[in-house]
Protein chains: 2
Amino acid sequence: MTDIEKRAQEMEEALRADGVRLTRQRSALLQVLAESGDHPDANELHRRAQAVDESVSLATVYRTLTVLEDQGVIHRHAFEGGGARFEAADMPHHDHLIDVETGDVVEFRSDKIEQLQAEIAREYGYELVHHKLELYCRKTSGNGS
Amino acid sequence: MTDIEKRAQEMEEALRADGVRLTRQRSALLQVLAESGDHPDANELHRRAQAVDESVSLATVYRTLTVLEDQGVIHRHAFEGGGARFEAADMPHHDHLIDVETGDVVEFRSDKIEQLQAEIAREYGYELVHHKLELYCRKTSGNGS
DNA sequence: GTTATTGCAAATTATTTGCATATAA
DNA sequence: TTATATGCAAATAATTTGCAATAAC
């Protein structure tokens, strides 16, 4: 079994465990999410899911994405410009660097920043529920310092 | 002259300097932006601007907000849940802590985090254009550690 | 057999735009 | 005077929802 199949199956089990019915359409979407290494939007996921199962409608993509997000199986991002984009949630926590020119997304993680964020919340009398850190960047043109 | 009047006038001058016409409606919106210490959305700004000048339409609010943002006079935020929210840009740079219960926004600044962000971008071969750091928090219930 | 789920189309929400008229400079 | 800006209403874009039909368990 490939990693992608494993990943899709884990998502299936997460849904089953919650008593949600595993329909043909949901399976198609799970498969697509499992094999997507990028951060596609709802339309793109619809397109990819239809390649797996012709009968998947955009409405079902949206409905299922909501369920999957509630289950914590996927993450929803609202990067600047355009609609929401999604990714499987089975990766360790990370933040995003977005190439403002191409829309490409690089994932990164900084424990120091994570820690500082928690400290700041505490300072103001809050506990951190979740956070959003997005770096909008441009590729450095040639001249490395 | 109050601080708020000063602030509104600075915005006016920023617009004038860019050759944009200073209309009655824009003045009303500038005044409202200048005296708003919070982060209102377009609808709320429209409501407030109409209190100053009945003739301000929502379309003009949106059009003017776009101009003001292009001029760098205001900042547009896309906090979770709901539409864009705006604030005057004459404050030193800061990030936002959003109370997930009430929607309240606390402004904060961490030079350490700012610095770490720049370092991360550099590591990946990018230069930071701008960033978004939002802490979604819940008020700590009583028991301070 | 039930009840959740689906596709479709219509509805919403936030925002933008075409156009004839009004107005700032 | 003359080009920019405005209000209004219609147009988009992304997402949600009502409903009768369908399919998972």
Side-chain angles (χ1 to χ4, degrees), chain A residues 11-32 39-47 49-71 73-86 103, chain B residues 9 11-32 39-71 73-86 103:
Chain A
M11 293 196 200
E12 276 193 25
E13 272 150 31
L15 288 197
R16 279 225 161 76
D18 211 77
V20 180
R21 288 184 187 173
L22 211 286
T23 63
R24 206 149 47 86
Q25 291 87 344
R26 280 183 179 154
S27 294
L29 184 55
L30 288 190
Q31 179 182 325
V32 160
H39 300 70
D41 64 11
N43 250 304
E44 176 61 20
L45 286 170
H46 179 217
R47 200 179 336 280
Q50 279 199 319
V52 176
D53 183 325
E54 182 67 44
S55 82
V56 181
S57 77
L58 182 57
T60 287
V61 169
Y62 274 111
R63 272 188 286 235
T64 304
L65 286 173
T66 301
V67 173
L68 292 173
E69 193 192 6
D70 290 347
Q71 311 287 318
V73 176
I74 60 170
H75 289 311
R76 174 189 306 255
H77 301 293
F79 301 144
E80 291 176 1
R85 296 170 64 177
F86 304 83
Chain B
Q9 203 165 56
M11 292 196 203
E12 275 193 25
E13 273 151 29
L15 288 198
R16 279 222 161 78
D18 211 76
V20 179
R21 290 187 185 172
L22 211 288
T23 63
R24 204 149 48 84
Q25 292 87 344
R26 281 183 179 156
S27 293
L29 184 55
L30 288 191
Q31 180 183 324
V32 160
H39 301 69
D41 63 13
N43 250 305
E44 177 61 20
L45 287 169
H46 179 220
R47 201 182 333 280
R48 295 183 195 176
Q50 279 199 316
V52 176
D53 184 325
E54 182 69 42
S55 82
V56 182
S57 76
L58 182 56
T60 287
V61 168
Y62 273 111
R63 273 188 285 236
T64 304
L65 287 173
T66 301
V67 173
L68 293 173
E69 193 192 7
D70 289 348
Q71 311 287 318
V73 176
I74 59 170
H75 288 312
R76 174 189 304 256
H77 300 293
F79 301 144
E80 292 174 0
R85 295 170 64 177
F86 305 82

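Residue numbering restarts at 1 for every chain, and letters A, B, ... go by the order of the sequence lines. Just so it is clear, the structure is predicted and the values come from calculations on it, not from any experiment.
Summary of the strand contacts: A:Leu58 and B:Ala84 both lie near DNA chain C, and taking for each the nucleotide with the nearest heavy atom, the more 5' one is attributed to A:Leu58. Remark on DNA chain C: of its neighbouring residues A:Val56 and B:Tyr62, the 5'-side contact belongs to A:Val56, judged by nearest-heavy-atom nucleotide.
If you measure from atom CG of A:Asp53 to atom P of D:dT22, you get 16 Å, rounded to the nearest angstrom. When rounded to the nearest whole Å, the span between CD of B:Glu44 and P of C:dT13 equals 17 Å. Spacing between atom CD of A:Gln25 and atom C1' of C:dC8 amounts to 13 Å, rounded to whole angstrom units. The distance between atom CZ of B:Phe86 and atom P of C:dA14, rounded to the nearest whole Å, is 12 Å. The separation between A:Arg76 atom CZ and D:dA14 atom P is 14 Å, rounded to whole Å. C:dT6 atom P lies 10 Å from atom CG of A:Leu29, rounded to whole Å. Atoms CG (B:Leu22) and C1' (D:dA5) sit 12 Å apart, rounded to a whole Å. Atom CZ in B:Arg24 sits roughly 10 Å away from atom P in D:dT6 (whole-Å rounding).
For A:Ala59, taking side-chain heavy atoms from C-beta onward, the closest of the listed nucleotides D:dT16, D:dT17, D:dT6 is D:dT17. Counting only heavy atoms from C-beta on, B:Thr60 has its side chain closest to D:dT6 among D:dT6, C:dT16, C:dT15. Considering only the side chain of A:Arg26, C:dT6 comes nearest among C:dT6, C:dA24, C:dT16. Ranking C:dT16, D:dT16, D:dC8 by closeness to the B:Ser57 side chain, first place goes to D:dC8. Nearest to the side chain of B:Arg16, among C:dA25, C:dT17, D:dA24, sits C:dA25.
Separation of atoms CG (B:Asn43) and OH (B:Tyr62) is listed at 6.0 Å; rounding is to 0.5 Å. Rounding to the nearest 0.5 Å places NE2 of A:His75 at 15.5 Å from CZ of A:Arg85. Here the CZ-CD distance, from B:Arg24 to B:Glu54, works out to 10.5 Å after rounding to the nearest 0.5 Å.
Taking the charged nitrogens against the carboxylate oxygens, B:Arg16 and B:Glu13 have no contact shorter than 4.0 Å, which rules out a salt bridge.
Remark: A:Thr23 is in phosphate contact with C:dT6, judged by side-chain N or O atoms under 4.0 Å from OP1 or OP2.
Two residues are said to be in side-chain contact when any heavy atoms from C-beta on lie closer than 4.5 Å; B:Leu29 and B:Thr60 fail this criterion.
As judged by a 4.0 angstrom heavy-atom cut-off over every strand, A:Arg63 is placed among the base-contacting residues.
For B:Arg21 against D:dT4, a side-chain-to-base donor-acceptor contact under 3.5 Å is present.
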